Amino acid sequence: MRGLRSDLGRVRGLGSAKEGVQHWWLQRVTAVALVPLLVWFLIGLIAHSDADHQTVTAWLGSPVTFGLFLLLLGAGLWHLALGLQVVIEDYVLGEGMRLALILLVKFGCIVLALTGAIALASIAFGN
């Protein structure tokens with residue numbers, strides 16, 4: 001049985017939304033990446049709960065911590081944008097409103113990521 005998809009659609013693996021499984025996979029990849037990053041972050045918070053300001057800024061300024069924190073921030077906001085896009089696509093009526101909300105969510109996540117990265121750099125390396 002051929003199903004309802006065209007030959008080209010079957011080759012490309014595209015569904016009715018014309019995006020295929022890429023969005024689904026990206027959500028799963030970011031979710032899996034967030035698990036160890038969040039565990040690391042929580043352990044770091046607990047380990048530095050009684051630390052003074054200099055100790056915490058030194059910890060944040062180390063290359064490994066800084067890099068992992070940026071990964072946590074990026075993966076978390078990317079996962080948020082992907083999840084909200086699915087909710088908007090599923091529950092918002094009207095193509096124009098749907099597009100506007102998706103663009104707003106993506107723009108907001110980019111702004112939050114940049115703001116978080118600048119704040120992290122300022123705390124870790126600034127004065």
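It should be emphasised that the depicted structure is a prediction, and the values quoted were computed from it without experimental measurement.
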Sub-3.5 Å donor-acceptor pair from the side chain of [X] to the main-chain atoms of [Y], do we have one?
X: Ser122; Y: Ile118; result: no
X: His79; Y: Ala75; result: no
X: Thr115; Y: Leu112; result: no
X: Thr57; Y: Gln54; result: yes
X: Thr30; Y: Leu26; result: yes

Heavy-atom closest contact ([X] atom, [Y] atom, distance):
X: Leu60; Y: Phe66; value: O-CB, 3.5 Å
X: Leu73; Y: Ala113; value: CD2-O, 3.7 Å
X: Leu82; Y: His23; value: O-NE2, 3.1 Å

Are more than 12 heavy atoms from other residues, nucleotides or ligands located less than 6.0 Å from atom CG of Asp50? no

Spatial distance of atom [atom1] ([X]) from atom [atom2] ([Y]) [nearest 0.5 Å]:
X: Leu34; Y: Trp78; atom1: CG; atom2: CH2; answer: 11.0 Å
X: Phe41; Y: Leu68; atom1: CZ; atom2: CG; answer: 12.0 Å
X: Lys106; Y: Ile110; atom1: NZ; atom2: CD1; answer: 8.5 Å

For a 4.5 angstrom cut-off between non-hydrogen side-chain atoms, does [X] reach [Y]?
X: Phe69; Y: Leu37; result: no
X: Val86; Y: Gln27; result: yes
X: Gln85; Y: Val105; result: no
X: Asp52; Y: Thr55; result: yes

